[in-house]
K.L.:
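Below: one structure in structure tokens.
When a residue number appears, it is its place in the shown sequence, counting from 1.
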Amino acid sequence: MSIETQEVTYTAGDTQAHGVLAVPAGHDKVPGVAIFADIMGLGKQTKAWGQRIADELGYLALAADVYGGGASPKDFPEGMAWLNALLKNPDQLAARAGGALKVLHAHPRCNGKVGAIGFCFGGSTVLAIVRDGNPDLAAGVSFHGGLQTNKRAQKGKVPAKVLVLTGAEDPMVTHDHIADFLNEMRDAEADCQTIAYTGAVHSFTNPDADGRMMPGIKFHEPTNRRSWQAMKTHFEEVFA
């Protein structure tokens with residue numbers, strides 16, 4: 001399937017965002033998916049996922065920007081500062097991410113069904129939208145995202161169907177974090193599936209993660225493949 005990519009500028013909460021939209025061939029109305037990046041911001045992996053989703057699944061796909069201005073941190077420490085500032089203000093993070101959902105809903109090719117996926121910090125971003133109860137979100141998927149929050153989901157206020165994909169040996173997302181998250185989703189009466197993959201640590205979808213920066217940050221091919229399939233199945237169910 002041939003796709004078209006285009007840069008888009010949009011309002012995202014309190015900032016102007018610059019994303020990349022991948023549009024599948026044809027004229028049919030289709031679901032839309034926002035893709036949220038890891039700590040280093042909108043880069044090649046996020047854009048590649050958008051193109052793959054448009055090409056293989058036939059959805060509109062927006063590689064989104066939550067830092068604003070299409071900015072990326074100059075290094076990991078700066079990224080940590082940016083990330084922590086947003087995680088400490090989940091309302092701001094949810095508002096910035098929600099701007100990407102509005103772009104998809106407003107697109108003439110969108111059929112009104114919108115999902116979101118995210119990786120690492122992007123996974124936490126998806127969960128911020130979920131916890132915010134954003135009515136624009138039908139399906140959210142977190143890939144090796146942080147599960148902790150200072151704003152927990154509220155009972156009866158999680159309209160999105162959620163899929164969390166995590167490494168069972170991720171040192172940044174412990175078994176205690178997973179248990180606490182499951183309790184949160186249960187108490188909120190959310191529709192949430194959680195899969196923990198043995199053999200996988202953090203960043204299991206990122207081929208550039210080779211364990212040299214930290215042993216707990218490493219690509220894991222079987223989990224990368226299986227988590228894509230789990231995401232695909234989740235969207236097929238919700239978007240049906």
Side-chain angles (χ1 to χ4, degrees), residues 12-13 17 19 30-38 46 49-50 52-53 57 59-66 86-87 90-105 110-149 151-167 173 177-178 180-197 204-205 226-240:
V30 295
V33 176
I35 304 102
F36 295 101
D38 63 18
T46 315
W49 271 80
R52 184 181 180 190
I53 286 170
L57 304 185
Y59 303 155
L60 287 166
L62 174 62
D65 167 27
V66 297
L86 285 169
L87 289 179
D91 290 336
Q92 181 186 38
L93 179 57
R96 289 190 179 187
L101 307 185
K102 292 187 181 302
V103 170
L104 291 166
H105 269 287
C110 184
N111 67 3
K113 298 177 181 179
V114 170
I117 69 172
F119 306 87
C120 302
F121 172 50
S124 300
T125 301
V126 170
L127 294 178
I129 313 171
V130 167
R131 289 172 168 127
D132 193 56
N134 191 317
D136 289 335
L137 184 67
V141 184
S142 169
F143 292 82
H144 43 84
L147 305 181
Q148 310 94 297
T149 184
K151 181 183 178 180
R152 295 171 76 87
Q154 299 300 303
K155 182 178 180 180
K157 295 184 178 180
V158 181
K161 298 183 187 298
V162 187
L163 174 64
V164 167
L165 307 165
T166 192
V173 182
H177 292 151
I178 296 171
D180 185 58
F181 174 76
L182 291 174
N183 289 338
E184 177 192 356
M185 292 294 104
R186 177 202 63 204
D187 293 345
E189 298 181 350
D191 185 336
C192 179
Q193 303 174 69
T194 302
I195 302 174
Y197 296 95
F204 56 74
T205 63
R226 292 165 183 165
S227 60
W228 165 270
Q229 185 60 48
M231 177 207 72
K232 180 180 174 182
T233 300
H234 185 63
F235 283 151
E236 287 173 349
E237 176 185 332
V238 178
F239 292 157

K.L.:
Could you work out, with ring-ring contact (aromatic ring centres under 6.0 Å, His included) as the rule, every residue matching Phe119, not counting sequence neighbours?
P.N.:
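Trp49, Phe143.
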K.L.:
Check whether any side-chain heavy atom of Arg96 lies under 4.5 Å from a side-chain heavy atom of Leu86, and answer yes or no.
P.N.:
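Heavy-atom side-chain distance check passes, below 4.5 Å.
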K.L.:
Nearest 0.5 angstrom please: Glu236 CD to His234 NE2, how far?
P.N.:
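Spacing of CD (Glu236) from NE2 (His234) equals 11.5 Å.
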K.L.:
List the steps, then state whether side chain to side chain contact (heavy atoms under 4.5 Å, CB included) holds for Asn134 with Lys102.
P.N.:
CA-CA 11 Å; Asn134 191 317; Lys102 292 187 181 302; 6.0 Å; no
K.L.:
Can you see which heavy atom on Lys113 is nearest to which on Ala240, and at what distance?
P.N.:
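Minimum heavy-atom contact is NZ-O, 3.0 Å.
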K.L.:
Checking Glu189 side chain against Asp187 main chain: does a donor-acceptor pair fall under 3.5 Å?
P.N.:
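It does not hold such a pair.
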K.L.:
For Ile195 and Ala230, which heavy atoms make the closest approach, and how far apart are they?
P.N.:
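Nearest heavy atoms, Ile195 then Ala230: CD1-CB, 4.2 Å.
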K.L.:
Run Leu104 and Tyr59 through side chain to side chain contact (heavy atoms under 4.5 Å, CB included) and show every step you take.
P.N.:
CA-CA 10 Å; Leu104 291 166; Tyr59 303 155; over 6 Å; no
K.L.:
Calculate, to the nearest 0.5 Å, the distance between atoms CG and CD belonging to Leu87 and Gln92 respectively.
P.N.:
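The CD atom of Gln92 is 11.0 Å from CG of Leu87, to the nearest 0.5 Å.
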K.L.:
Just verifying a value: how many Å separate Thr194 OG1 and Leu163 CG, rounded to the nearest 0.5 Å?
P.N.:
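These two atoms lie 7.5 Å from each other.
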K.L.:
Under 3.5 Å, is there a donor-acceptor pair between the side chain of His105 and the main chain of Asp136?
P.N.:
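Here the side-chain-to-backbone pair exists.
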K.L.:
Could you give me the CA-CA distance, side-chain angles and deciding distance for Ile117 and Phe235, then say whether side chain to side chain contact (heavy atoms under 4.5 Å, CB included) is met?
P.N.:
CA-CA 10 Å; Ile117 69 172; Phe235 283 151; 3.6 Å; yes
K.L.:
Taking the side chain as C-beta and beyond, is there a heavy-atom pair between Leu137 and Pro159 under 4.5 Å?
P.N.:
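When only atoms from C-beta onward are counted, Pro159 and Leu137 do not touch, as no gap falls below 4.5 Å.
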K.L.:
Taking all non-hydrogen atoms of both residues into account, name the closest pair between Ala116 and Phe36 and its distance.
P.N.:
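Heavy-atom minimum between the residues: CB-CE1, 3.9 Å.
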K.L.:
Please name the pair of heavy atoms, one in Ala64 and one in Ala100, separated by the smallest distance, quoted to 0.1 Å.
P.N.:
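For Ala64 versus Ala100, the nearest heavy atoms are CB-CB, 3.7 Å.
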K.L.:
Please table the atom pairs, donor to acceptor, closer than 3.5 Å between any side-chain atom in residues 120-133 and protein atoms at least two apart or in another chain.
P.N.:
residue	atom	partner	partner atom	Å
Ser124	OG	Gly146	N	3.1
Ser124	OG	Gly146	O	3.1
Thr125	OG1	Phe121	O	2.9
Arg131	NE	Glu184	OE2	2.8
Arg131	NH2	Leu147	O	2.7
Arg131	NH2	Glu184	OE1	2.9
Asp132	OD1	Lys151	NZ	3.3

K.L.:
Which is it for Leu57 and Met231 under the side chain to side chain contact (heavy atoms under 4.5 Å, CB included) test, yes or no, and what are the steps along the way?
P.N.:
CA-CA 11 Å; Leu57 304 185; Met231 177 207 72; 4.0 Å; yes
K.L.:
Can you see which heavy atom on Thr166 is nearest to which on Phe204, and at what distance?
P.N.:
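Shortest heavy-atom contact: C-CE2, 3.9 Å.
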K.L.:
Which heavy atom of Phe239 sits nearest to which heavy atom of Gly115, and what is that distance?
P.N.:
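Between these two residues, the closest heavy atoms are CZ-N, 3.7 Å.
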K.L.:
Check whether any side-chain heavy atom of Leu182 sits under 4.5 Å from a side-chain heavy atom of Arg186, and report yes or no.
P.N.:
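When only atoms from C-beta onward are counted, Arg186 and Leu182 do not touch, as no gap falls below 4.5 Å.
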